[in-house]
Amino acid sequence: MDKQKITLFALSGAGGAILIALAAVLYLSVSNMAAAHKARDKAYSDFEAYYRKPVFPNRENIDIRKADIASIDAWTTNALARIQKGDIEIKDETIVGFKTRLQEDVRTLAGTSGAQRVKPGLTFGFDYYLGLTNEMPREENIPRLARQLAYIDQIARILFTAGITQLTSVTREEFDRTPAAGDDSSPRSTRRTRRPSYDDAETTTPETSTLATAPLPPPIAQQLQKETLIFEFEAGYPTLATALNDLTKADLFTAVTDLRIIRGKTVQAAFDDRTKLLDSLHSRRKSDPPPAAPATEIIGMRPQDRIVTNPETDPPLKVVMKVDVYALKGANRAN
């Protein structure tokens, strides 16, 4: 066989192999396309079947949905009734009348708290009207200011009844500090109101507890108005627990949304200080002649000097408490 025939046979074999490979690729592609079409048609059929089915295929599901709606309506009604128990009616007052009542109420509140229960000079969040500026409130702001004053009065009395050591600061939402639209003559103050500081320089050991709060359901939220107040005070652990419990039992509907606790000295710090003192006394006792006093007094371990982790005897904590107060909206209330 000559060379030309050999070349021809080789080319024919290569061409046949290529045709076979192309045929295999085409077959696989057609098979995959057919499978894809089949899957698409099945998905479309399933979707069409689901779409044509009734939303509630049987009476049992309809009854369940009706029961859910009735339960939600009953819960909403009870919640609104509970909030209404602590609602406060707002009376019409003149500017001078409210300013006079504000001065009297703050003075009364500070006086009824007991000796040294209120930081000297505390104006309960109204220093813009009672402090150095001594401004007069705008008439349109009086209803909401009166509501804020009533809330502060009730919560402060709860804290005093619980037995806090001292109330040091009260902060309210200062909506009234914003000038009215087009009013360039509105009073302005260069004095800044102190805001609660969670990072005071004198803080040694902070314990923060940010409370998780969920948004209110729309049927409730649409009918409510909210005021946010911040109270800073000193109290022991048992007193703080009592105050929080009393807030939940009060008619006023409140939610403590943030609670920050600052301790002055930990038990470990007190133990370290006592250890240093004992080491010093022991070293002095080795070098000095035996004293006549009992040994318990020398080493500083008298019963009254021992470190006891008793919440009743621990030094008061510095507490920053943020409270949201809710009330129903209404024609006879400030909105």
Side-chain angles (χ1 to χ4, degrees), residues 82-83 85-88 101-127 129-131 144-174 193-198 200 202-203 206-211 213 226-264 310-327:
R82 169 65 181 82
I83 294 173
K85 287 180 60 179
D87 206 0
I88 298 173
R101 186 172 70 85
L102 175 63
Q103 294 172 334
E104 294 175 351
D105 288 356
V106 168
R107 190 180 304 112
T108 302
L109 189 58
T112 57
S113 62
Q116 299 180 348
R117 287 286 183 90
V118 177
K119 182 179 179 180
L122 182 65
T123 56
F124 293 86
F126 293 94
D127 55 339
Y129 304 109
L130 303 178
R144 187 174 176 185
L145 288 171
R147 190 171 71 246
Q148 288 181 332
L149 176 61
Y151 293 160
I152 291 173
D153 181 277
Q154 291 192 35
I155 296 176
R157 291 180 185 275
I158 290 174
L159 296 177
F160 294 146
T161 303
I164 65 170
T165 304
Q166 187 179 60
L167 181 63
T168 57
S169 175
V170 178
T171 304
R172 62 181 179 87
E173 293 184 73
E174 294 186 334
T193 302
R194 181 183 181 275
R195 295 291 181 182
S197 174
Y198 297 152
D200 292 335
E202 59 185 358
T203 300
E207 286 185 358
T208 62
S209 173
T210 302
L211 309 178
T213 55
K226 181 185 73 172
E227 290 289 348
T228 299
L229 305 170
I230 301 176
F231 293 82
E232 295 184 65
F233 55 92
E234 297 178 358
Y237 273 116
T239 301
L240 177 59
T242 300
L244 293 175
N245 190 45
D246 291 345
L247 275 175
T248 62
K249 295 189 298 183
D251 289 339
L252 193 65
F253 195 88
T254 59
V256 178
T257 58
D258 190 68
L259 188 65
R260 298 175 185 263
I261 301 173
I262 303 171
R263 294 184 297 173
N310 184 1
E312 297 288 350
T313 59
D314 283 345
L317 309 167
K318 295 180 180 179
V319 182
V320 182
M321 182 177 67
K322 183 178 180 181
V323 183
D324 288 343
V325 185
Y326 292 93

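In what follows, every heavy atom counts, from backbone to side chain, and hydrogens, waters and symmetry copies are set aside.
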Original post:
Does the side chain to side chain donor-acceptor pair (under 3.5 Å) test come out yes or no for R117 and Q166, once each step is laid out?
Top reply: CA-CA 4 Å; R117 287 286 183 90; Q166 187 179 60; over 6 Å; no
**OP:** Starting from the C-alpha separation in whole Å, work towards a yes-or-no answer on side chain to side chain contact (heavy atoms under 4.5 Å, CB included) for I230 and R172.
**Re:** CA-CA 7 Å; I230 301 176; R172 62 181 179 87; over 6 Å; no
**OP:** Decide yes or no on side chain to side chain contact (heavy atoms under 4.5 Å, CB included) for L317 and I262, but give the supporting numbers first.
**Re:** CA-CA 6 Å; L317 309 167; I262 303 171; over 6 Å; no
**OP:** Evaluate the side chain to side chain contact (heavy atoms under 4.5 Å, CB included) criterion for residues T123 and Y129: first the C-alpha distance (whole Å), next the side-chain angles of each, then the deciding distance (0.1 Å), finally the verdict.
**Re:** CA-CA 9 Å; T123 56; Y129 304 109; over 6 Å; no
Original post:
Could you walk me through whether R101 and L149 pass the side chain to side chain contact (heavy atoms under 4.5 Å, CB included) check?
Top reply: CA-CA 10 Å; R101 186 172 70 85; L149 176 61; 3.9 Å; yes
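Note on D258 versus R260: salt bridge recorded, some NZ/NE/NH1/NH2 to OD/OE distance being below 4.0 Å.
In this structure R82 satisfies the salt bridge (charged side-chain N to carboxylate O under 4.0 Å, His left out) test with no other residue, sequence neighbours excluded. Applying the salt bridge (charged side-chain N to carboxylate O under 4.0 Å, His left out) test to E227 and every residue at least two apart in sequence or in another chain returns R144, R147. With sequence neighbours excluded, the residues that form a side chain to side chain contact (heavy atoms under 4.5 Å, CB included) with V325 are Y151, I155, L229, L252, T254, V323. In this structure, the side chain to side chain contact (heavy atoms under 4.5 Å, CB included) partners of T228, at least two apart in sequence or on a different chain, are E173, K226, K322, D324.
Of all heavy-atom pairs between I158 and A250, the closest is CD1-CB, 3.7 Å. Between L122 and S169, the shortest heavy-atom contact is CD1-CA, 3.8 Å.
Sequence neighbours left out, the pairs with a member in residues 239-248 that pass salt bridge (charged side-chain N to carboxylate O under 4.0 Å, His left out) are D246-K249.
In this structure, T168 contributes its side chain and E232 its backbone to a donor-acceptor pair below 3.5 Å. A donor-acceptor pair is defined here as one N or O able to donate and one able to accept, closer than 3.5 Å; such a pair exists between the side chain of T108 and the backbone of E104.
At least one side-chain heavy atom of F124 sits under 4.5 Å from a side-chain heavy atom of L167. A 4.5 Å side-chain heavy-atom check between L244 and L259 finds at least one atom pair inside the cut-off.
From L240, atom CG reaches atom CZ of F233 across 5.5 Å, with rounding to the nearest 0.5 Å.
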